[in-house]
Undergrad: 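Here you go, one structure.
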Amino acid sequence: MSGRVELKLPPAVAAVLESFGYAADDVSVRDQLPAATRGTNLALAVPPSAHHAAPALAGLVSALAASEAQALVVAPPHALEEWASLILPLAESAGLPALVAAEPGRATRRLREGQLRLLLTTPATALTLLERSALKASQLGHVVLVWPELYESDEDLAALMQEIPAEAQRILVLAAAKAGHPLVERYARRALL
């Protein structure tokens with residue numbers, strides 16, 4: 001991907017983003033990637049397809065690779081596979097151990113062994129992992145909420161977000177974007193839209 005120096009994107013991550021059909025001069029790359037790389041809160045109003053959030057996730061992965069923090073990506077159960085097809089190649093290209101977990105079992109083991117930097121899971125599983133102290137909220141530097149309007153339970157999301165450190169980057173990918181969305185106000189104040 002030409003232009004990756006200006007975008008501060010590692011070559012391997014840039015190659016994956018390019019394989020998804022993106023170029024450095026694409027509007028979505030210029031809008032999403034630098035802010036995500038800097039750790040700025042984002043609220044994405046994109047069509048409901050994981051593909052449209054690829055630049056933001058590439059920036060997230062780049063920021064994560066340059067830190068010791070962990071990232072949590074929370075999606076509705078029916079969307080895990082779609083988002084995994086985007087997130088796992090990006091994480092692998094950055095050398096980040098990542099896992100998709102619909103249930104807490106394997107994620108609990110990997111988190112306790114310290115072998116996990118990026119976790120894609122459901123709100124209920126994320127909350128269970130926090131309650132079991134397998135997922136440490138203090139180690140989370142990045143949280144991505146994918147299509148939060150489609151979560152099965154608002155209570156799980158509210159309980160989960162109460163535990164997330166205030167300084168953690170928040171990226172919201174809304175399924176149905178509208179101005180003044182209450183989830184943006186509640187979970188990603190002062191986010192770039």
Side-chain angles (χ1 to χ4, degrees), residues 1-76 79-101 107 110 115-122 126 139-148 164-165 167-175 177 183-184 187-188 190-193:
M1 175 180 282
S2 62
R4 72 174 183 268
V5 174
E6 305 89 67
L7 297 172
K8 298 181 179 162
L9 197 59
V13 177
V16 172
L17 190 57
E18 190 172 324
S19 77
F20 292 150
Y22 286 94
D25 60 350
D26 290 345
V27 172
S28 56
V29 171
R30 290 193 323 264
D31 289 348
Q32 296 175 28
L33 197 140
T37 303
R38 286 191 309 269
T40 303
N41 290 346
L42 293 172
L44 302 181
V46 295
S49 166
H51 177 77
H52 295 288
L57 294 173
L60 166 81
V61 164
S62 296
L64 188 59
S67 74
E68 297 297 319
Q70 290 179 329
L72 175 65
V73 181
V74 183
L80 286 178
E81 188 175 320
E82 178 180 354
W83 285 86
S85 70
L86 190 71
I87 291 170
L88 293 179
L90 288 167
E92 183 179 338
S93 71
L96 296 170
L99 177 70
V100 179
R110 297 267 313 269
Q115 297 179 2
L116 206 51
R117 295 284 308 284
L118 191 150
L119 175 63
L120 169 60
T121 191
T122 65
Q139 295 176 347
L140 289 173
H142 312 272
V143 176
V144 181
L145 301 179
V146 172
W147 303 335
I164 305 300
E167 64 276 2
Q169 177 187 31
R170 289 160 169 78
I171 299 175
L172 269 68
V173 183
L174 301 170
L183 291 171
V184 174
Y187 299 124
R190 296 184 301 273
L192 291 179
L193 301 174

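Numbers here simply count residues along the sequence, with the first being 1. All values derive from a computational prediction rather than experimental measurement. FYI, side chains are in, hydrogens and waters are out, and symmetry mates aren't considered; it's all heavy atoms of this structure.
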Undergrad: Looking only at heavy atoms, what is the nearest atom pair of P76 and W147, with distance?
TA: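 In this case the closest contact between P76 and W147 is CG-O, 3.9 Å.
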Undergrad: Please report the interatomic distance CG(L116) to CG(L96), rounded to the nearest 0.5 Å.
TA: 10.0 Å
Undergrad: Can you tell me if CD on Q139 sees more than 12 non-hydrogen neighbours from other groups inside 6.0 Å?
TA: yes
Undergrad: Could you walk me through whether W83 and V100 pass side-chain contact (heavy atoms from CB on, under 4.5 Å), step by step?
TA: CA-CA 9 Å; W83 285 86; V100 179; over 6 Å; no
Undergrad: To the nearest 0.5 angstrom, please state how far the CD atom of E81 sits from the CG atom of L88.
TA: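 Reported to 0.5 Å precision, the distance equals 11.0 Å.
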Undergrad: Can you name the closest pair of heavy atoms from L90 and S93 and give their distance?
TA: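 So the two residues come closest at O-OG, 2.7 Å.
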Undergrad: Ignoring hydrogens, what is the shortest heavy-atom contact between S85 and F20? Give both atom names and the distance.
TA: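 In terms of heavy atoms, the two residues are closest at O-CZ, 4.0 Å.
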Undergrad: Give a yes or no on whether the backbone of H52 and the side-chain of Q32 come within a donor-acceptor separation of less than 3.5 Å.
TA: yes
Undergrad: Nearest 0.5 Å, what's the CG-OG1 distance between L80 and T121?
TA: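 One finds 6.5 Å between CG of L80 and OG1 of T121.
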Undergrad: Would you say R117's side chain and A69's backbone share a donor-acceptor pair under 3.5 angstrom?
TA: yes
Undergrad: Mark yes or no for whether R170, through its side chain, and V143, through its backbone, hold a donor-acceptor pair below 3.5 Å.
TA: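 Looks like no, no N/O pair under 3.5 Å.
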Undergrad: If you look at every heavy atom in A71 and L64, which pair is closest and at what distance?
TA: CB-CD2, 3.6 Å
Undergrad: Quick one: CD on E18 to CG on D26, what's the gap to the nearest 0.5 Å?
TA: 10.0 Å
Undergrad: Within this structure, what is the CG-CD1 distance for the pair L119 and I87, rounded to the nearest 0.5 Å?
TA: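 Between atom CG of L119 and atom CD1 of I87 there are 10.0 Å.
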Undergrad: Give me the atom names and distance for the closest heavy-atom approach of L140 to A168.
TA: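 L140 and A168 have their closest heavy atoms at O-CB, 3.5 Å.
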Undergrad: When you measure from the side chain of Q169 to the backbone N and O of H142, does any donor-acceptor pair fall under 3.5 Å?
TA: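 It does not hold such a pair.
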Undergrad: If you round to the nearest 0.5 Å, how far is CD1 of I171 from CG of L42?
TA: 5.0 Å
Undergrad: Do the non-hydrogen side-chain atoms of V61 and V16 ever get within less than 4.5 Å of each other?
TA: no
Undergrad: Take atom CD of Q115 as the centre, draw a 6.0 Å sphere, and report whether it contains more than 12 heavy atoms from other residues, nucleotides or ligands.
TA: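 Buried by this count: over 12 neighbours within 6.0 Å.
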Undergrad: Is the backbone N or O of S49 less than 3.5 Å from a side-chain atom of E82, with the two atoms forming a donor-acceptor pair by type?
TA: no
Undergrad: Check S62 against L9 and note the closest heavy-atom contact, atom names and distance.
TA: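 Taking S62 first and L9 second, the nearest heavy atoms are OG-CD1, 3.0 Å.
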